[in-house]
Peer 1: 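The following block contains the structure, expressed as structure tokens.
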Amino acid sequence: MKKDFYWAILKRVASSILVLLLLITFIFLLIRLAPGNPTQKYLSPQLSPQLAESVTRSFGLDKPIYVQYSSFVLNLFSGDFGISYNYRQPVFTVIKDYFLFTLIFSSISFIIQLLLGYLLAKYSFRKHGKSIDRYLSKLSIILFSVPTFVIGLILVYIFSVKLDVLPTSGIKSIYHDDLNSIEKLTDFFIHLVLPMITLSLAGIAVFYKYLRDNFDSVKSSSFILNLRANGFTKNEIFKKHLLPNSIQPLISIAGIEFGILLGGALLTEVIFSLPGMGRLTVTAILNRDFPLVIACTFIAGLMMVLSNLAADLIKIKMDKRYLKELIN
Amino acid sequence: MLNKIKIWHFILIVLLTIAVIRYTHLINLLCLLLALSQSLFVGNINLSALIDISLIDNIISLLLIITLPITILSSGKIKKLLSRRLKIADSLLILLLACFIFAPVITLQHPDFQKNISVTKLLPPFSLVDYIELKNRSNKNDDNDLKKLINKVVPVSYNENIIFIDSLIVDSSTIYYQSGFQFNVDKNSLVSINNKPLIESKLFLLGSDEFGRDVFTRIVYGSRISLLVGFGAVLVSFILGLTFAFIAVEQGGFANLFLSRLTDLFLSFPAIFLVILIIALFGNSIISIIIVLGFSGWMSLFKVTKSEMLSIKSKEYYLSAKLIGLKNIKLLIREILPVIIVPVTVNLIFQLSNVILAESALSYLGIGTGTEYPSWGSMIEAGQQYITQSWWLIFIPGFTLIISLLSINEIGREINKFLNPTIK
């Protein structure tokens with residue numbers, strides 16, 4: 001059993017690494033195939049061609065493409081992402097702060113999504129068939145179809161423009177440095193309320209809808225009927241049988257959702273001008289800052305793979321049968 | 001009474017309403033069409049110099065507005081197909097499609113029409129603005145009738161003869177005011193009735209934006225971008241998914257394995273970054289957006305079509321068709337497509353709403369289609385700067401987008417329910 005487990009994990013990790021490598025190769029090729037040269041951005045046409053050549057050489061763009069690729073892959077695996085063309089700093093230093101912000105922001109949002117989704121689903125399941133149940137399920141469908149940026153702007157309009165209680169953008173006030181540590185924290189908190197709601201609403205709707213539907217389908221299966229006929233209380237059935245069975249398909253979805261969140265919540269970051277990975281990636285793309293683009297996509301892919309792996313582990317922990325499925 | 005309205009009734013009502021409201025425009029168009037066909041036979045003018053896209057657009061709208069009711073009324077098949085009871089989602093989608101097809105008839109303005117920005121900018125919905133009209137100075141007879149008709153029909157983005165005003169004083173000379181500034185104009189150069197300048201007013205139904213452009217017109221034309229990109233990208237992903245699934249099923253082995261892995265790869269990575277990367281590297285035009293969004297959405301279609309094809313593969317009719325020696329293309333189009341199209345429809349509809357959402361998000365980020373037509377997403381992006389003073393610049397395109405997405409999703413769910421009755 002133990003051996004099986006390690007074998008499955010090994011296989012899973014190997015395929016993940018392959019996927020990551022494919023992704024990076026794809027992006028590398030895409031960038032090198034595209035028209036335009038990153039050096040053009042930093043040189044005016046009046047400068048001498050020798051200078052242009054030396055800049056190209058300093059970026060390492062004069063070598064043949066396979067040499068670039070092999071050195072690029074080697075550097076990647078030794079943890080060296082290179083130097084950002086735009087910031088003139090190692091990519092790692094550039095990314096560090098942005099990634100930290102995204103990690104914290106996304107994790108909190110993810111927890112809120114899961115928790116609220118679960119609580120609402122439970123509540124609406126208790127109120128089975130009543131009008132509140134129907135309204136919640138309608139609302140979840142609506143929230144799911146509404147684009148993030150429209151929700152964000154509506155929230156900004158209501159809370160920042162009309163009521164004037166919350167700030168519109170950024171993560172700290174101008175006078176942030178003069179505050180003491182508790183005030184600093186509340187300052188962060190006030191700035192992140194709206195982005196958090198914007199980012200979480202759609203996720204809450206997804207988790208709610210999924211869980212609610214699963215509750216229904218599991219409830220109508222015959223083993224629940226059997227348990228009820230044997231006289232178990234509703235609470236006991238819900239906790240021990242209904243919940244574990246209906247939560248399982250949700251875990252893979254939660255894994256994917258978390259991975260996407262860690263890659264950067266692009267639209268939310270753009271609306272509220274937050275310093276997250278999503279905006280960093282897009283600015284890097286638009287600036288043709290190739291080392292940064294590759295690093296960002298690599299990290300997004302890595303997060304995706306890791307969170308999927310975590311989801312798989314949790315699933316194995318919950319249900320041993322899944323291990324067999326994974327091996328085959 | 002309302003319960004008895006069927007879908008085709010509603011379509012006819014919409015068409016009739018358009019025809020009644022815009023009957024002068026339609027009659028003008030009809031005259032133009034007659035004149036054009038006349039000159040086609042006489043052949044005395046250079047037609048290709050006269051005809052442009054917006055003229056063709058207008059004429060197509062005219063032809064459709066005449067032929068659509070006739071086809072619906074005369075064909076029993078279409079009536080039967082559209083005889084479901086009308087739901088709100090259906091009616092909204094029909095209105096959206098009407099905007100898509102009849103945009104130049106529904107609104108007679110050019111989406112970029114702007115004049116006298118100081119008077120017309122940032123007007124709230126339902127505001128009326130007075131304007132006076134100058135007499136057409138180039139009113140010589142050297143322009144032929146056809147040209148005049150075309151000018152009457154085709155919307156322009158700038159009209160020097162119209163002056164929007166705040167107020168007007170008629171003395172010995174005519175004085176008008178534009179946001180506090182005073183201007184003079186020669187009385188005789190104005191279009192006038194009984195020696196008094198004719199003051200007409202223009203309705204900004206949904207307000208105007210920061211350049212004094214009519215939001216309603218832009219919303220109507222914006223539906224074209226959304227739906228065009230939507231249909232185009234769905235078609236691209238359908239063709240891709242179908243072809244890949246056919247290759248995977250027919251070849252099996254390595255091709256199957258490779259395509260399945262590729263699907264997993266694309267499904268696991270957030271598509272928006274790839275889409276932005278490709279668009280940023282290779283330039284954004286409407287075609288490239290359609291292709292890229294199509295490429296980013298073929299995975300779910302691949303999965304659905306593949307599972308359907310696997311069940312078809314062992315059916316006798318398919319085997320016999322293969323033994324006869326039909327070519328792959330023919331197998332795909334004649335034997336597989338008719339069977340597959342029904343279960344795939346639901347997927348296609350959901351894909352449509354995904355693509356419309358993605359397009360508006362891209363436009364919002366400022367890497368949209370970049371055509372002359374406005375897109376809902378870019379309207380929202382532009383309106384964001386004016387959020388404190390003019391709510392309609394965000395809310396109207398936003399709600400249009402939300403309502404379109406909701407109704408498309410709702411129709412998808414309805415069809416899904418119809419095909420799989422066990423789903424609640």
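All values derive from a computational prediction rather than experimental measurement. First the proteins, then the strands, lettered A, B, ... as listed; each starts at 1.
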Peer 1: Under 4.5 Å heavy-atom distance to chain B, tell me which part of A:Thr281 shows up: side chain, backbone, both or neither.
Peer 2: side chain
Peer 1: Do A:Ser140 and A:Tyr210 have side chains that approach each other closer than 4.5 Å (heavy atoms only, starting at C-beta)?
Peer 2: no
Peer 1: With heavy-atom distances below 4.5 Å as the criterion, would you say the side chains of A:Phe258 and A:Ser107 are in contact?
Peer 2: yes
Peer 1: What part of B:Ile403 gets within 4.5 angstrom of chain A, counting heavy atoms only: side chain, backbone, both, or neither?
Peer 2: neither
Peer 1: Relative to chain B, which of A:Ile151, A:Val150, A:Val270, A:Val293 shows the most heavy atom pairs under 4.5 Å?
Peer 2: A:Val150
Peer 1: Can you name the residues of residues 288-301 of chain B that have some heavy atom under 4.5 Å away from a heavy atom in chain A?
Peer 2: none
Peer 1: Are A:Phe105 and A:Ser109 side-chain neighbours, meaning at least one heavy-atom pair lies under 4.5 Å?
Peer 2: no
Peer 1: Output yes when a side-chain donor or acceptor of A:Asn86 lies under 3.5 Å from a complementary backbone atom of A:Asp289, and no otherwise.
Peer 2: no
Peer 1: Using heavy-atom distances under 4.5 Å, tell me whether A:Tyr157 contacts chain B through its side chain, its backbone, both, or neither.
Peer 2: both
Peer 1: Around atom OH of A:Tyr69, are there more than 12 heavy atoms of other residues, nucleotides or ligands at under 6.0 Å?
Peer 2: yes
Peer 1: Any sub-3.5 Å donor-acceptor pair from A:Thr102's side-chain atoms to A:Leu262's backbone N or O?
Peer 2: no
Peer 1: Would you mind checking which part of A:Leu153 comes under 4.5 Å of any heavy atom in chain B, side chain (CB onward), backbone (N, CA, C, O), both or neither?
Peer 2: both
Peer 1: Report yes if some heavy atom in the side chain of B:Lys417 is under 4.5 Å from a heavy atom in the side chain of B:Glu414; otherwise report no.
Peer 2: yes
Peer 1: Pick one of side chain, backbone, both or neither for A:Ile141, based on which atoms fall under 4.5 Å of a heavy atom in chain B.
Peer 2: both
Peer 1: Measure B:Leu277 against the heavy atoms of chain A and call it side chain, backbone, both or neither at under 4.5 Å.
Peer 2: both
Peer 1: Give a yes or no answer on whether the side chain of A:Ser145 reaches the backbone of B:Leu406 with a donor-acceptor pair at less than 3.5 Å.
Peer 2: no
Peer 1: Is any side-chain heavy atom of B:Tyr364 closer than 4.5 Å to a side-chain heavy atom of B:Ser375?
Peer 2: no
Peer 1: For the residue pair B:Lys303 / B:Thr263, report whether a side-chain donor-acceptor contact shorter than 3.5 Å exists.
Peer 2: no
Peer 1: So B:Phe254 and B:Phe258, would you call those rings parallel, tilted or perpendicular, with 30° and 60° as cut-offs?
Peer 2: parallel
Peer 1: Going by heavy atoms in the side chains, are B:Leu365 and A:Val282 under 4.5 Å from each other?
Peer 2: no
Peer 1: So for A:Val305, is it side chain, backbone, both, or neither that comes closer than 4.5 Å to the heavy atoms of chain B?
Peer 2: neither
Peer 1: Out of A:Asp213, A:Thr148, A:Val156, A:Ile142, return the one with the most heavy atom pairs under 4.5 angstrom to chain B.
Peer 2: A:Ile142
Peer 1: Contact part of B:Leu401 toward chain A, heavy-atom cut-off under 4.5 Å: side chain, backbone, both or neither?
Peer 2: side chain
Peer 1: For the CD1 atom on A:Ile253, are there more than 12 heavy atoms of other groups (residues, nucleotides or ligands in this structure) within a distance under 6.0 Å?
Peer 2: yes
Peer 1: Name the region of B:Ser353, side chain, backbone, both or neither, that has any atom closer than 4.5 Å to a heavy atom of chain A.
Peer 2: neither
Peer 1: Taking side chain as everything from C-beta outward and backbone as N, CA, C, O, which of these in A:Phe144 sits under 4.5 Å from a heavy atom of chain B? Side chain, backbone, both or neither.
Peer 2: neither
Peer 1: Does any backbone or side-chain atom of B:Phe273 lie under 4.5 Å from a heavy atom of chain A? Answer side chain, backbone, both or neither.
Peer 2: both
Peer 1: Is A:Ile271 close to chain B through its backbone or its side chain, or both, or neither, when contacts mean heavy atoms under 4.5 Å?
Peer 2: both
Peer 1: Given the options B:Ile387, B:Asn409, B:Thr388, B:Asn354, which has more heavy-atom pairs under 4.5 Å with chain A than any of the others?
Peer 2: B:Ile387
